[in-house]
Amino acid sequence: MLKVPAPPASMAASPLPPPDPQFVLRGTQSAVHALHFFGGAQEQGCPLLLSGSLSGLVHIWSLQTRRAVATLDGHGGQCVTWLQTLPQGHQLLSQGRDLKLHLWDLAEGRNTVVDSVVLESMGFCRSSVLAGTQERWMLAMPGRGSDEVQILEMPSKTSVCTLKPEADAKPGMPMCLELWQADSNPRPLLLAGYEDGSVALWDVSERKVCSRVACHTEPVMGFDFDSQKTRGVSGSAEKALAVWSLDEQQALQVCRTHELTNPGIADVKIRPDCKILATAGWDHRVRVFHWRTMKPLAVLRFHSATVHCVAFAADGLLAAGSGDQRISIWSLYPTHSDMSAPLLGHAEGREVGAHAVA
Amino acid sequence: MAVFDTPEEAFGALRPVCVQLTKTQTVETVERLRAQLQAVSDSALQELQQYVLFPLRFALKTPGPKREHLIQSVVECLTFVLSSTCVRERELLQELFSELSACLYSPSARQPAAVSEELKLAVIQGLSTLMHSAYGDTILAFYEPSILPRLGFAVSLLLDLAEQEKSKQIKVAALKCLQVLLFQCDCQDHPRSLDELEQKQLGDLFASFLPGISMALTRVITGDFKQGHSIVVSSLKIFYETVSFIMADKHLERTSDTQPKPASVEPRVAELMVHREAKWVKNTSDKLTVLIKKITECVSIHPHWKVRLALTELIEALLLKCSQSLVGSVGHLLKALVGLVNDESPEVQTQCSKVLRHFADRKVVVGNRAFADILSENLHSLATSLPRLMNSQDDQGKFSTLSLLLGYLKLLGPEVNFVLRSAAHLQRLSKALIQVLELDVADIKVVEERRRPSGGLSSSPESAALLQRRYFRFFTDERLFLLLQQLCQLLGFYGDLYLLVDHFMELYHESVVYRKQAAMILNELVVGAAGLEVENLHENHIKTSPEELKEIVTTILEEYTSQENWYLVTCIESEEGGEELTMKQSGLQAITSAAHTCQVTSFPAFSKPGPTICSMNSNIWQICIQLEGIGRFAYALGKDFRLLLMSALYPVLEKAGDQTLLISQAATGAMLDICHACGYDSPQHLISQNSDYLVNGISLNLRHLSLHPHTPKVLEVMLWNSDASLLPLVADVVQDILATLDQFYDKRATSFVGVLHALLAALAQWFPDTGDLGQPQEQSAGEEGSHLSQKPAAPENTATAEDIEQFLLNYLKEKDVADGNVSDFDNEEEQSEPPKVDESDTGPDVEPPPPVQIQIAKDVMERCIHLLSDKNLTIRLKVLDVLDLCVVVLQSHKNQLLPLAHRAWPSLVRRLTSDDPLVVLRAFKVLRTLGGKCGDFLRSRFCKDILPQLAGSLVTQAPVSARAGPVYTHTLAFKLQLAVLQGLGPLCERLDLGEGDLNKVADACLIYLSAKQPVKLQEAARRVFLHLMKVDPDCIWFLLNELYCPEQLTPPHPSLHPVQLRGTAGQGNPYAANVLHLLQELQ
């Protein structure tokens, strides 16, 4: 007689509900193309999430109130493709399709452009920085020639060098860059993914390619590199992820590839604790893998358009930005040992595991 | 104005009288002496004091029986002398004292003599005056050990009088005199305070009387309430003054155990002397404890507030001065004091709080272990007996018990944790609270009352308060609830909040029986912890920090709004039931409300209030309490609650849309509380400012609709209460909703259609079109009306032949134009255009994408096309409403509207021609709206697809209804006829039908103008014609006259032939009445 609005019986049959975002940020009013977490546990104040949109705005979101606390408008309505904060000071770098790279001062509620670098090629390539505790830091960005990468010393903006592939290589445009420095070796290295699907390792000081390996048949859209294990993973327009490693002789080699159901990976990120990685799919989905085994763990369905970017926070929170103008925030396999922390949505380990769809 | 100023003169005047008095002792002589004394100045009298006193004392002392009157007047005269003079010698004082007291003593009976009341009063007055007349030193000398027997005699005499006498005056006087004797007189004549030693000596002296005084006074105090409050008040005063004087800690401290032998004391007197050593103190204290217990118990319930006020003074005095010596009574005293904290008299309350604050300030309670020990001991024992007391006592008893508990908490402050940390005591305390707070859930109204089906969130606070009133099983007194609230708040304020919240959360989980009470208690604990309604008596107490409080509130909130505690069964109807009928519908008020009442009376549980009703009632209350809790939490946290809105607002809004009136009211109340706490102007403001949080909740819950079936409701409430700025935020959610709807067409259509309706209504309101459809009916009516008046309906007699000629020429010309035989296109609007549907607008030039609202309306309308043929009548009705609104929103975007209208058409035709009368009517409304914006499109289709069928059915049904009896009006056929007739008129007018189609309609409706048809159908038919007249009055005029022609027509010009119309004017014409009525309208 009574109709109980409780979970229906069918719930028992289906194994577990699909994981949900912990929450969703709305209000960018255009597609989200760049995400970056800023601050967190070690910083005073609540952690922030920065998002760059197709309409050229950078939104600063408070993860505590889940609202935009500020909007930066500096790219003349052109898409913001890359966001990065510098370790010291509240400084933000933003790269836009208006061929500008702005340095913002965010300290104490300020949001002003303190410096700008003009880019010289209209590529898709996102820049990269190598910054330590020193005052000086290094910036890698696409150079004048379509296949060149330019290295600048900041904040003086002096050009260190231009990395141009050998004439016979023809790797095409650089698609993504990552500057890094091995613990043992103080010389800065640059990893670059190219249009022809290859990933190359540059020795910046010697301006030469140490190693280059073809990972994909399509342009490399994004990669991430785990400098501890000296292993990286890259995604491209094709239906596969490539995992490659770097041996002691600084030679790159492809370890394995992982087939996907749908083609097109816009972004790949490894979580700071190097346990899992997430990919942003053109098929509207975010896929989560175990980094060591590359075992697929979960397919996160929420967005209704291409996912353009993913980002991990220091505490493990995952954010995904999509063409549907939403940013979804997920809490998966919390890195904290205390499970009482209210980070956990539906997605406890086994639940997500049970839902893993390759 | 003394006559005799010098002693000599006075002596001369007084001497004869005194001599005479010595000789003959009569009342008259005494009176004469007294009269003479009046004329003597005080100083002179002082000189002659001994002389004057002698005859009077002599008169008293003469042995043998005396007349009472004489003694009385002698005593009065003596009193007079003493009042004007001072007694300077100790001997005189002592003698006078004994002589006066002897007047009331009958040696035979060993009790006060049976003398007249006047005499008693006179003697008491005399004694009192005597003591006042003594000089400071003299009086101190008077209180030497040797006076002990005589003093004791007088004291017992006065006590007897105070206790036994009938006359209130005597009692009061005796008590007053006793005060004087015991050095407690508060008049201005004794300014000198005693030094330490003197106090000690006096104390020793008075100690002998303590048993007598205390017992006698206790008897007086605990006597009949009717004896008058002033007696009890002064007895109380004497009691505490005496006890606190004799038992004062500061004197007893310094008493040695061995009694110093006073030298000059007779052995008989020495026996009477008391030495206040430790043993004596202990004995006395034990005995006093019994008395004090009696007094406090009796007096705390004394009806007169002044008595209770005096009790607080007693407690204060004893606690302040004798807390060591009377250690056994401290418990009783505190208990009484604490019990008076919530006295009904504000004076007592104030005094009590003052005393309590005084103790708290002096750290007596916290600092002095003894006090704190006693308090917690009392609290322990109270906690132990609390469940039993709550079970057995009546409201008044419960009230005083709980007041007592409250007082303990106030006094103990943070120390209360000693009790709370004992698991057994916490258990008992909480059980008692839970037990007493049990709600009475038998009231059926709670389950029955339904929310008024309007979208807004406004509800008058008074009616809400009335409804939200709770009935408790174990008490009815409203004050008790307030007291319990205070109690919980105080617990939350002083107690270990984590401990308490944990404990009550456990109870909350333990059983449904406890859940409501535990929630109520938790709510108040949190408010108390915030320290908002609590007066802090303990300055060193540290409040719960806002962060901790927020954490605790978050935990409780999570619990409250969890799946199993938030989604309880509160009604029997299923979602798909007739419930949705109660939602507001315009137009068919009568029918809807009829359906509503019918639905309520058919409520199955109405006839058998069983356990299910109770459990639903209980569930409703539970949700209300939890909602109230959310409001209380907001109140406790203030602006800090804003962060919690992320998780709290959604569930509240969910309940604001609940069908149970009580719940939706409680939710509205909670929202108001939140608004108040977080600084929002109104619930609307609250919703619009936090719509992002709500949208987040909605979109996530839509993903699991089976788990969160109420999600659409939240969106609905949100839409009703927001403005256009919400649209960008909800746009993606609307897409989600539509996508989910596509998945669940069969199961959850009802709730979705509700949302769609709210959405479209909101869109129509937010984006009003400039060419509004709001009042098109009136507009067009006005136009047509003027048109109608311009055109002469019938040729006037005054017309000339030229006029007629001109008229005919014009007519012919117009006819030509109408037939299309005209070359110039200056009157384009008259031309009928082909339907625009097939005209494809998708030219090569790319159109800008339509605005969001248009896109949404388009998407919704597409869904409506599918849902139009739903099996459920309610859904079909609702969908027609949504469709109507879609048309309104889309009206200015014909490119979007027309293709959709085209697709919706077949389904709409089905609704009009073969569906429930309600649906038919509603479908007509949609057609009317549609007709307003795409009339041309609709006209041809209407005439082709619908009109023939409708006209046909009207014609075939007409004979049936004409023959039918009164029962016919209840049949479906009748309702259909009525619906068609009601719908046709406005639609025809709106569509501006051509002549042929108009005639079709008119022909079909004419039959219904017959008087043989049911009245309602006649009315409806008349209305159809009224509308038709606006389209083509001439044609209708002719048609009506053909049916019934009331008057002979005279041609406008003699050159024209008279016209004979077919309508017969006979009385038997069944159309006469209606046609006449309509023709009148045409004039």
Side-chain angles (χ1 to χ4, degrees), chain A residues 1-14 16-32 46 53 55 59 61-69 284 300-305 322-331 340-342 344-347 351 355, chain B residues 551 554-555 558 563-564 566-577 579 604-605 610 612 615-616 619 642-647 654 689-710 713 725-726 728-733 735-736 739 747 751 852:
Chain A
M1 177 179 70
L2 294 176
K3 187 180 165 80
V4 185
S10 62
M11 280 301 304
S14 78
L16 283 163
D20 271 338
Q22 196 183 22
F23 55 92
V24 178
L25 302 174
R26 290 178 172 75
T28 57
Q29 309 227 4
S30 72
V32 181
C46 58
S53 70
S55 60
H59 293 266
W61 303 89
S62 158
L63 293 178
Q64 193 189 17
T65 62
R66 302 177 186 177
R67 283 179 178 160
V69 288
H284 311 179
L300 309 179
R301 296 159 204 257
F302 174 77
H303 290 287
S304 54
S322 152
D324 64 5
Q325 312 185 356
R326 299 185 283 195
I327 302 166
S328 54
I329 309 288
W330 309 74
S331 174
S340 63
L344 193 64
H346 282 276
E351 290 191 17
H355 247 269
Chain B
E551 207 173 291
T554 313
T555 328
E558 249 168 45
Q563 191 82 24
E564 66 268 31
W566 197 247
Y567 303 103
L568 303 166
V569 185
T570 57
C571 69
I572 286 172
E573 291 98 326
S574 60
E575 273 282 289
E576 286 80 5
E579 196 47 44
T612 48
S615 71
M616 284 193 291
N619 286 344
R642 282 188 174 202
L643 268 184
L644 296 183
L645 283 178
M646 246 179 264
S647 50
E654 204 171 41
Q689 291 294 302
N690 294 289
S691 42
D692 49 347
Y693 294 158
L694 291 169
V695 168
N696 191 41
I698 293 168
S699 85
L700 293 185
N701 284 342
L702 273 179
R703 290 159 59 84
H704 313 288
L705 195 68
S706 49
L707 277 176
H708 307 280
H710 304 287
K713 277 261 181 304
S725 60
L726 182 69
L729 273 175
V730 291
D732 70 291
V733 175
Q735 292 307 324
D736 288 350
K747 279 186 251 159
S751 47
V852 187

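The sequence lines fix the lettering, A, B, ..., with proteins before strands; numbering per chain opens at 1.
- For B:Asn701, no part lies under 4.5 angstrom from a heavy atom of chain A.
- Residues A:Pro21 and B:Arg703 are in side-chain contact: their nearest non-hydrogen atoms beyond the backbone lie under 4.5 Å apart.
- In this structure, B:Asn696 and A:Val24 approach most closely via the heavy-atom pair OD1-N, 2.8 Å.
- Proximity of B:Gln735 to A:Asp324: side-chain heavy atoms (C-beta onward) are nowhere separated by under 4.5 Å.
- Note on B:Leu645, B:Asp692, B:Leu729, B:Asp736: by heavy-atom pairs under 4.5 Å with chain A, the leading option is B:Asp692.
- Comparing B:Leu700, B:Asp732, B:Val695 by heavy-atom pairs within less than 4.5 Å of chain A, the highest count is held by B:Asp732.
- In terms of heavy atoms, A:Arg26 sits closest to B:Val733 at NH2-CG2, 3.9 Å.
- Of the listed residues (A:Gln29, A:Arg66, A:Arg67, A:Gln64), the greatest number of heavy-atom pairs within a distance under 4.5 Å of chain B belongs to A:Arg67.
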